[in-house]
Amino acid sequence: MNADLRTRVGGMDLPNPVVTAAGCAGSGRELSQFFDIASIGAVTTKSVMLEPHAGRPAPRMAETPSGMLSTTGMQGPGVDVFLQRDLPWLLARGGRAIVSIAGAGVGEFGELARRISAADGVSAIEVNLSCPDPAAPSGRHFADDASHAAAVVQTVRSHARSDLPVLAKLAADVPDVVELASACVEARADGLSMINTVRGMAVDTRTLRPAVAGGMGGLSGPAIRPLAVGCVYRVHEALPGVPIIGMGGVRTGADVLEFMAAGASAVAVGTTNFSDPSACSRVLREFTEALEARGFARASDVVGAAHRQGAGA
Amino acid sequence: MNADLRTRVGGMDLPNPVVTAAGCAGSGRELSQFFDIASIGAVTTKSVMLEPHAGRPAPRMAETPSGMLSTTGMQGPGVDVFLQRDLPWLLARGGRAIVSIAGAGVGEFGELARRISAADGVSAIEVNLSCPDPAAPSGRHFADDASHAAAVVQTVRSHARSDLPVLAKLAADVPDVVELASACVEARADGLSMINTVRGMAVDTRTLRPAVAGGMGGLSGPAIRPLAVGCVYRVHEALPGVPIIGMGGVRTGADVLEFMAAGASAVAVGTTNFSDPSACSRVLREFTEALEARGFARASDVVGAAHRQGAGA
Amino acid sequence: MSDNGPVQVRCPVLNVRRVDAYYAITVVAPGIAERFRSGQFVSVAVGGDHSSTLLRRPFAIHDVKPDYGGTVEFLFSVRGTGTAWLSERRSRDLLDVVGPLGRPFPLPREPVNCVLVGGGSGSAPLFPLAQSLRRRGCRVDFVLGGASADRVFSAITARRIAETAAFTTDDGSFGTRGRVTDVLGRVIEECRSDAVYACGPMPMLRAVTAVAGSHGVPVQVAVEETMACGTGICMTCVIPVVGEDGITRMVRSCVDGPVFRGEQVRFDDVGTIPFDALGAPGWKGSSAARAAESARDIA
Amino acid sequence: MSDNGPVQVRCPVLNVRRVDAYYAITVVAPGIAERFRSGQFVSVAVGGDHSSTLLRRPFAIHDVKPDYGGTVEFLFSVRGTGTAWLSERRSRDLLDVVGPLGRPFPLPREPVNCVLVGGGSGSAPLFPLAQSLRRRGCRVDFVLGGASADRVFSAITARRIAETAAFTTDDGSFGTRGRVTDVLGRVIEECRSDAVYACGPMPMLRAVTAVAGSHGVPVQVAVEETMACGTGICMTCVIPVVGEDGITRMVRSCVDGPVFRGEQVRFDDVGTIPFDALGAPGWKGSSAARAAESARDIA
Ligand SMILES: Cc1cc2nc3c(=O)[nH]c(=O)nc-3n(C[C@H](O)[C@H](O)[C@H](O)COP(=O)(O)OP(=O)(O)OC[C@H]3O[C@@H](n4cnc5c(N)ncnc54)[C@H](O)[C@@H]3O)c2cc1C
Ligand SMILES: Cc1cc2nc3c(=O)[nH]c(=O)nc-3n(C[C@H](O)[C@H](O)[C@H](O)COP(=O)(O)OP(=O)(O)OC[C@H]3O[C@@H](n4cnc5c(N)ncnc54)[C@H](O)[C@@H]3O)c2cc1C
Ligand SMILES: Cc1cc2nc3c(=O)[nH]c(=O)nc-3n(C[C@H](O)[C@H](O)[C@H](O)COP(=O)(O)O)c2cc1C
Ligand SMILES: Cc1cc2nc3c(=O)[nH]c(=O)nc-3n(C[C@H](O)[C@H](O)[C@H](O)COP(=O)(O)O)c2cc1C
Ligand code: FES
Ligand code: FES
């Protein structure tokens with residue numbers, strides 16, 4: 001039996017639910033050395049800013065149990081280079097592009113949405129709400145305040161081409177992820193991506209100094225999967241009609257199944273791309289096998305399965 | 001060289017910084033089959049409630065990458081049995097007891113503090129703020145609202161014997177852990193314990209049902225260590241004078257060093273007691289060796305080391 | 001620290017044998033062997049020091065021998081990550097093992113007739129039990145079941161040490177097609193059994209308890225609940241059990257069990273908190289009951 | 001997918017040798033061997049499928065041979081969890097290896113005199129480089145250093161394949177007591193070196209670059225930054241490097257390196273974002289510079 005793998009996220013049709021997570025696959029070029037980038041659902045590109053950004057000082061990463069801490073600080077060449085170099089490369093290979101954007105302020109988000117909308121062939125815009133919020137105390141992100149996050153989403157929505165789906169990328173370490181999700185949906189997000197990295201820290205026990213420069217970093221990898229699945233589950237329960245791209249520690253096809261059962265319509269592979277450059281194609285294969293072994297005719301039949309048969313929350 | 005291992009937490013003097021985490025060592029009786037319970041800094045007892053509680057339905061646990069999800073729901077025999085059976089056992093063996101309390105409401109916390117204060121030989125009270133808050137929407141804990149948490153701490157402080165240190169046990173998945181910590185200190189907590197388990201979920205990919213009954217569980221183990229170290233670091237930075245018991249995924253002596261460098265004065269072993277029943281004594285030995293290998297004369301010299309030499313946050 | 005409690009040891013693997021669909025590992029662990037009584041189990045750390053798999057795996061002790069100061073054997077089938085890892089161990093590898101854990105099977109004082117009922121890997125603890133019973137002059141009969149022939153543990157040994165041995169498989173590939181309870185009533189009758197001992201999955205234990213009950217024979221069951229610690233500190237392995245005093249408590253299957261009197265396990269309520277369990281939501285024990293409770297707990 | 005890019009292979013270990021304080025592992029990996037050019041590295045998954053240790057470990061390729069279709073050897077000393085695990089591998093175990101990764105050493109067109117400077121494990125990539133250079137008729141001299149005698153990698157091979165080989169150790173247990181840069185100037189003079197190649201820790205590369213500079217000799221350095229991916233997607237391995245156009249960029253040492261021209265690496269600013277780096281806080285490139293940037297990036 002050949003399962004139908006197609007999925008739909010906020011008006012975006014994907015051939016299958018396996019996508020890459022923003023910042024964990026560049027724009028697909030490097031990973032395309034290991035598998036056909038057009039074969040997966042989509043590539044979510046690294047969050048692009050208006051201007052070039054040099055990012056944070058090194059050391060930028062530390063390994064932690066079943067995870068890693070990182071702090072790259074949105075290093076990138078800026079939207080011009082992205083639109084001239086990276087996006088055309090990806091589209092020319094037949095890849096689908098979810099373009100992640102990161103603004104230094106609400107206004108920049110609008111400008112980015114406008115610029116991305118002017119380009120052809122983009123599948124969706126993903127709004128990275130884990131960016132420093134200039135209107136909040138230092139260290140806070142837009143996502144930390146549902147109303148600030150909603151303002152960003154609203155701005156993006158109003159500047160983006162009306163047929164371009166806008167996804168809001170949520171974080172788990174916020175006061176209330178369901179409230180954040182609801183605020184973004186009210187601001188007319190077409191879908192939600194969750195979760196971003198979780199703020200954490202490690203101390204290098206050789207030097208007794210913080211292991212990544214600046215102290216705090218973002219935790220990713222399988223360690224955070226239960227947090228991510230919990231967020232997807234709770235948000236899907238509260239907003240069952242809103243499509244979700246689930247992510248956080250996906251390593252195998254079974255993990256894709258787990259996220260979809262919790263309520264995701266598509267699932268992103270992030271940190272695992274670092275440790276296993278052909279992960280996306282492997283995960284897609286494993287997922288397909290797992291789906292068929294369980295007798296599902298359609299991937300979409302799994303979405304939200306963990307909520308059925310009367311599960312409480 | 002023999003390092004001086006003594007440490008002081010909110011007026012409580014401990015022979016060394018290795019303690020057990022609440023709910024992860026019973027009252028010391030079971031673990032005492034594997035090591036001398038008086039040899040470690042203290043035993044934090046399982047959170048005791050006023051009445052007997054049967055806890056949550058099974059399945060109560062699931063393994064996750066470098067962690068576990070659990071949901072025991074404060075099962076226990078109630079404070080009477082605790083005071084008549086468990087506490088005397090521990091004290092008779094020369095153990096130091098940090099008694100964790102969990103109230104069904106603010107009033108119960110006060111009553112528990114009064115009852116514990118009437119017992120002899122207790123070293124400190126730890127206030128478990130990750131209990132369902134009856135004054136908040138379902139699923140929320142006292143810790144989710146700094147003012148509710150502070151009210152609990154204040155009540156405990158005013159009902160507890162004045163010479164008995166009161167520690168507030170904080171969670172990481174709250175709107176702002178520094179704000180929560182400050183509120184508890186203002187409510188006259190003598191010290192802070194952090195972190196409790198982090199809310200998360202897993203789906204059993206065989207059944208596609210939530211892996212623990214009720215869906216959400218508490219994530220513990222090495223997976224959450226970066227979250228815990230981050231909380232300790234940030235709270236110590238904001239409130240350098242407030243003693244902290246750090247915990248979350250401690251597995252080795254090096255992990256104790258990590259927490260102390262981040263700002264903890266003592267460090268608790270939780271989930272690792274499940275996988276390694278002699279962990280506390282091993283961790284204490286490894287920590288002592290690591291301390292001496294680095295030439296520290298006193299354990300207390302490590303406290304906050306990661307903040308010195310100009311580390312940012 | 002204590003002389004009859006469990007110990008934690010890093011012990012060398014003596015050998016790993018493959019038998020049908022399961023594996024038998026023997027480790028050198030004198031401290032565990034000398035303390036062992038049948039029905040007890042070990043818990044084994046899996047995956048090595050840097051494994052993402054934190055929790056120990058519990059296995060019933062299948063055999064202890066005096067060789068090398070004392071060896072302990074357990075049987076298992078590969079189920080997930082932990083058992084897959086264990087199946088790859090080789091002689092001389094070290095395993096971190098804690099044991100013996102749990103309450104053993106109570107043994108009859110008189111030389112009575114006992115039928116031992118095992119499902120799948122649940123057969124494992126019945127073999128040392130059979131030997132203890134026979135040493136006391138008891139008659140031992142076996143009823144072992146499994147999904148298929150290769151899932152019936154130690155059938156040959158069962159035939160050797162028991163008076164009779166009946167086998168069932170779900171697919172009929174060995175013995176009678178069906179479940180252990182399809183033949184248990186007959187065995188109890190034919191062997192004039194005075195007691196039943198059973199180990200296996202919860203639904204089997206429930207059915208065995210029902211059959212034993214209908215024949216008026218007492219039954220001891222050993223449960224296989226998921227366990228995070230195995231030592232009694234995590235409270236994740238609880239099941240509802242009725243005490244001598246008629247009060248239902250959520251008890252730890254690792255230290256208060258794994259062996260229980262079948263009639264006392266509230267099989268229908270496993271996976272729930274029965275409304276009348278001590279401390280259940282809304283539960284209000286009489287002050288007398290509560291006084292009894294604390295007296296009992298202290299005793 | 002691509003013919004000269006890296007490949008990911010599960011390859012059998014041919015052998016693991018112990019040499020002084022380090023290990024040499026040879027794997028059968030034709031796809032990597034055939035693509036390899038000196039200076040490139042492999043990244044190796046450690047700890048097995050259920051390890052809590054997610055990230056690959058990068059190792060310079062020390063040797064490739066045509067045996068078994070193509071073998072690849074790398075050397076390492078045990079440093080932490082990953083290398084400890086690797087040191088326990090045995091023949092026939094499978095390793096998940098990605099490679100060859102990174103920009104190779106550029107080779108001179110003319111048969112010039114080259115001095116190859118290695119510190120500790122940084123010596124490893126210099127051996128295949130030496131062979132390539134000699135095939136082009138270059139003279140090769142070695143300067144190898146380490147903390148102690150057993151930390152100087154492959155001293156004997158160095159003696160065999162080079163015109164001269166000088167050694168330094170911090171503790172004086174082998175060769176000259178001191179650092180490679182204490183002898184490098186003399187070697188450059190005596191051997192009339194035209195080019196320096198260096199690999200090792202950042203402070204050493206900085207000192208080597210300074211010595212080479214003071215002798216007016218160009219230097220290629222291979223850096224060993226911590227790397228999460230090794231393939232260019234994570235942006236955790238960046239160092240500040242000055243481009244041909246005079247603009248400093250934070251470049252990825254895994255794909256834009258690990259080999260750089262020494263003079264272009266801003267050693268003093270490693271671990272920082274220099275204020276004049278492209279995109280640094282407050283940085284405002286002229287619109288001309290930015291136009292150049294996008295043109296360059298597209299090219
Ligand atoms: C007291 C006791 C005695 C047991 N004796 C035996 C025995 O003699 N032979 C044997 O083959 N098996 C026995 N089991 C079951 C055995 O523990 C599981 O097969 C084993 O834990 C599976 O581990 P895994 O990593 O391969 O499976 P996974 O599914 O990867 O394990 C995930 C988690 O679930 C738990 N788990 C999975 N299956 C079971 C199960 N059936 N029972 C309890 N926990 C489970 C694991 O311990 C682990 O925590 C016993 C269980 C208990 C509680
Ligand atoms: C391009 C390149 C080539 C290298 N070639 C060699 C070689 O040929 N031989 C050799 O012995 N070593 C080499 N190294 C260093 C080698 O990668 C580390 O020794 C190894 O990663 C340590 O892993 P561990 O798990 O034992 O240490 P841990 O300290 O447990 O590792 C923790 C983390 O830090 C990273 N890390 C630790 N030390 C280093 C280091 N010195 N450089 C980079 N990352 C590090 C690890 O990769 C891992 O992500 C090279 C490094 C790079 C970047
Ligand atoms: C090195 C690194 C860089 C990242 N960059 C971005 C980014 O630019 N934009 C974004 O929205 N998320 C970014 N993320 C977060 C991931 O997209 C993803 O949400 C998170 O890592 C959880 O998934 P994982 O555990 O599979 O990695 C980054 C994560 C890592 C580890
Ligand atoms: C099974 C279990 C039960 C727990 N019970 C309590 C409790 O009763 N009171 C409490 O304050 N914390 C409780 N905790 C939280 C631990 O004390 C600790 O804060 C947390 O598990 C993080 O530490 P760890 O990763 O070392 O386990 C419990 C944790 C677990 C896993
Ligand atoms: S398994 Fe922990 S109490 Fe039973
Ligand atoms: S290591 Fe990931 S970009 Fe270089």
Side-chain angles (χ1 to χ4, degrees), chain B residues 20 23-37 46 49 51-68 70-78 80-86 88-89 212-213 220-223 251-252 271-278, chain C residues 1-2 4-8 43 45-46 49-56 80-82 96 98 225-240 248-250 252-255 269-275 277-281 283-285 290-291 293-299:
Chain B
T20 65
C24 300
S27 296
R29 195 194 293 245
E30 292 84 359
L31 292 182
S32 75
Q33 300 177 102
F34 299 94
F35 63 91
D36 175 9
I37 209 77
K46 177 157 186 55
M49 301 193 73
E51 303 285 332
H53 274 264
R56 298 252 178 75
R60 286 185 172 182
M61 75 97 176
E63 200 176 39
T64 67
S66 295
M68 69 177 274
S70 63
T71 158
T72 55
M74 305 284 172
Q75 178 175 349
D80 291 339
V81 174
F82 172 77
L83 289 174
Q84 288 170 53
R85 181 189 67 181
D86 300 327
W89 183 92
V212 301
S220 64
R251 197 171 180 177
T252 68
T271 300
T272 300
N273 293 315
F274 303 161
S275 53
D276 181 6
S278 45
Chain C
M1 297 295 303
S2 106
N4 45 19
V7 293
Q8 178 175 10
S43 70
V46 296
D49 282 349
H50 297 281
S51 169
S52 64
T53 309
L54 295 185
L55 302 176
R56 284 171 184 272
T81 58
D96 176 346
V98 174
E225 263 301 309
T226 56
M227 296 178 174
C229 77
T231 56
I233 54 177
C234 76
M235 307 301 283
T236 62
C237 62
V238 300
I239 59 171
T248 296
R249 294 179 182 78
M250 300 305 297
R252 297 164 297 180
S253 49
C254 63
V255 290
D269 299 318
V270 166
T272 72
I273 304 293
F275 74 96
L278 183 87
W283 177 89
K284 283 280 165 262
R290 285 171 55 194
E293 181 63 16
S294 55
R296 171 183 176 279
D297 274 320
I298 291 157

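Basis for what follows: all heavy atoms, side chains included, without hydrogens, waters or symmetry-related copies. By convention in this document, chain letters (A, B, ...) are assigned in the order of the sequence lines, proteins followed by strands, and residues within each chain are numbered from 1.
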Could you go through C:Leu54 and B:Met68, starting from their C-alpha distance and side-chain angles, then the distance that decides it, and tell me whether this counts as side-chain contact (heavy atoms from CB on, under 4.5 Å)? CA-CA 8 Å; C:Leu54 295 185; B:Met68 69 177 274; 5.5 Å; no
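In this structure a side-chain-to-backbone donor-acceptor pair under 3.5 Å is present from C:Gln8 to B:Ser278. The closest donor-acceptor contact from the side chain of B:Arg60 to the backbone of C:Cys237 lies at 3.5 Å or more, if one exists at all. Between the side chain of B:Gln75 and the main chain of C:Met235, no donor-acceptor pair closer than 3.5 Å is present. Remark: the backbone N or O of C:Leu55 is paired with a side-chain donor or acceptor of B:Glu63 at under 3.5 angstrom.
Taking 4.0 Å as the cut-off between side-chain N and carboxylate O, C:Arg252 and B:Glu30 count as a salt-bridged pair.
With a 4.5 Å cut-off on non-hydrogen atoms, B:Pro59 does not touch chain C at all. Within the 4.5 angstrom heavy-atom criterion, only backbone atoms of B:Arg56 (N, CA, C, O) approach chain C. Of the atoms belonging to B:Ala213, not a single heavy atom falls under 4.5 Å from chain C. Looking at C:Thr272, only its backbone comes within 4.5 Å of chain B, counting heavy atoms on both sides. Contact annotation for B:Asp276: both backbone and side-chain heavy atoms come within less than 4.5 Å of a heavy atom of chain C. Contact annotation for C:Ala228: both backbone and side-chain heavy atoms come within less than 4.5 Å of a heavy atom of chain B. Using a 4.5 Å cut-off between heavy atoms, B:Thr64 touches chain C through its backbone atoms (N, CA, C, O) alone.
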